[in-house]
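Encoded as structure tokens, the structure appears first; notes follow it.
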2 protein chains.
Amino acid sequence: MALPNGPVTTSSEAEAVLFDLVDVYDRAFEAAAAELSLSPAQACVLGRLDERRGMGALAEELGCDASNITQIVVRLEALGLVAREPNPRDRRARLVARTPRGDEVNHRFATAFTFARTAVGRLSPDEQDQLTALLRKALG
Amino acid sequence: MALPNGPVTTSSEAEAVLFDLVDVYDRAFEAAAAELSLSPAQACVLGRLDERRGMGALAEELGCDASNITQIVVRLEALGLVAREPNPRDRRARLVARTPRGDEVNHRFATAFTFARTAVGRLSPDEQDQLTALLRKALG
DNA sequence: CTTCTTTACTTGAGTGAATCAAGGATCATT
DNA sequence: AATGATCCTTGATTCACTCAAGTAAAGAAG
């Protein structure tokens, strides 16, 4: 389990609840990944492969070094969840795609990670809209 | 930067905003720690030492193995931000406390980590209360 | 007071994430 | 044909994290 990102001493209830939310969310994500013997990073990458794409695109979207993606994809490939194919348009590049097993594991992960779904489900449709509006405003 | 914990394909706007929030929060925490040359885990532990306490208490609160805490504290100690003292009541145990420099760095970290404060600050007091209530309900 | 168990922490080994520096291959331009 | 940029991989290093094992001391039981 990764250590929680906080709290710094919180000066308001809202901040404290925000921290709680982030903490619970992160732990739920990690737990769901662990159920499938995946690291959070592996689950993250696997979840972004609904369409075949290049390593560089992944790195840019995830905001990390390309070599980091290489490592994670290598491990996913070793697990048989992902395959790298040459890019016919550019022989430097490689396209990553989920294998059928990768699709299945990703689907099971989406089922296991119930936190966001469950949390939102505790709210009425009206409340969901309110929450969305408030968080959008808070995010600036 | 740690990879974001999501998204799994989101089925509602509220879920998507929730993910955004968590992602931005985590990145802001990491960035604030990096400003002070700390890892997120180091900033986390440092922030929990407002009062002197034992290694085991930290491990339990943070939900990780005691040996993990040992390592992090060793590094914080090497940075001069934390000190371990023998526990006079129990010679097996050691008490960890921030040094004056640790206090200062922790304070600077709290200043640098503006995300939660800023986000909440974008809302009126009424809205803050609404958000708190909605998140509490969502957290179950 | 000895033995046994439990508690508190450390050490060592191993995995994985992340970053940086450097390099090979290919593309794109001139 | 040469130059430079781009895409990715490799290697080295640091840190987080976990597990297994070990030391030392506390606590309980005989």
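Naming convention: chains lettered A, B, ... in sequence-line order (proteins, then strands); numbering from 1 in each chain.
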Between [X] ([atom1]) and [N] ([atom2]), how many Å, whole number?
X: Leu58(B); N: dC17(D); atom1: CG; atom2: P; result: 13 Å
X: Arg91(B); N: dC9(C); atom1: CZ; atom2: C1'; result: 15 Å
X: Arg27(B); N: dA18(C); atom1: CZ; atom2: P; result: 9 Å
X: Glu30(B); N: dA16(D); atom1: CD; atom2: P; result: 11 Å
X: Leu3(B); N: dG16(C); atom1: CG; atom2: P; result: 15 Å
X: Glu85(A); N: dC7(D); atom1: CD; atom2: P; result: 19 Å
X: Asp65(A); N: dG11(D); atom1: CG; atom2: P; result: 16 Å
X: Met55(A); N: dA25(C); atom1: CE; atom2: C1'; result: 15 Å

Base, sugar-phosphate alone, or nothing: which one does [X] contact when heavy atoms must sit under 4.0 Å apart?
X: Ala59(B); answer: nothing
X: Arg84(B); answer: sugar-phosphate
X: Ile69(A); answer: nothing

| Shortest non-hydrogen contact from Gln128(B) toward Leu123(B) |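 Nearest heavy atoms, Gln128(B) then Leu123(B): NE2-O, 3.1 Å.
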Among [options], the nucleotide that comes nearest once only the side chain of [X] is considered:
X: Asn68(A); options: dT10(D), dA18(C), dA8(C); answer: dA18(C)
X: Asp90(A); options: dC7(D), dG16(C), dA16(D); answer: dC7(D)
X: Arg75(B); options: dT7(C), dC15(D), dT10(C); answer: dC15(D)
X: Gln71(A); options: dC8(D), dA17(C), dA16(D); answer: dA17(C)
X: Ala93(B); options: dA18(C), dG16(C), dA8(C); answer: dA8(C)
X: Thr70(B); options: dT19(C), dA17(C), dC9(C); answer: dC9(C)

On the nucleotide dT10(C), are OP1 or OP2 found under 4.0 Å from the side-chain N or O atoms that Arg94(B) carries?
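Yes, such a contact exists.
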* Contact under 4.0 Å: Ser39(B) side-chain N or O vs dA16(D) OP1/OP2 ->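 Indeed, a polar side-chain atom of Ser39(B) lies that close.
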Between His107(B) and Arg98(B), is any pair of side-chain heavy atoms under 4.5 Å apart?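 Of all side-chain heavy-atom pairs linking Arg98(B) with His107(B), none is under 4.5 Å.
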Under 3.5 Å side-chain donor-acceptor pair for Ser67(B) and Asp65(B):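 Their side chains do contain a donor-acceptor pair, which is all the 3.5 Å distance test asks for.
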### Ring center gap for Phe113(B) and Phe29(B) short of 6.0 angstrom
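Yes: the rings meet the under 6.0 Å criterion.
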(message) On DNA chain D, compare the nucleotides closest to Pro88(B) and Ala66(A); which residue's is nearer the 5' end?
(response)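 The answer here is Ala66(A).
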* Asked: Does Arg53(A) use its side chain to pair, donor to acceptor, with the backbone of Leu58(A) at less than 3.5 Å?
  ->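 No; zero donor-acceptor contacts below 3.5 Å.
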Of Val74(A), Val73(A), Ile69(A), Asn68(A), which meets side chain to side chain contact (heavy atoms under 4.5 Å, CB included) against Gln71(A)?
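Of the listed residues Val74(A), Val73(A), Ile69(A), Asn68(A), the side chain to side chain contact (heavy atoms under 4.5 Å, CB included) partner of Gln71(A) is Asn68(A).
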- [ ] Classify the side chain of Ser67(A) and the base of dC8(D) as holding, or not holding, a donor-acceptor pair under 3.5 Å.
- [x]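 Answer is no: no donor-acceptor pair is held.
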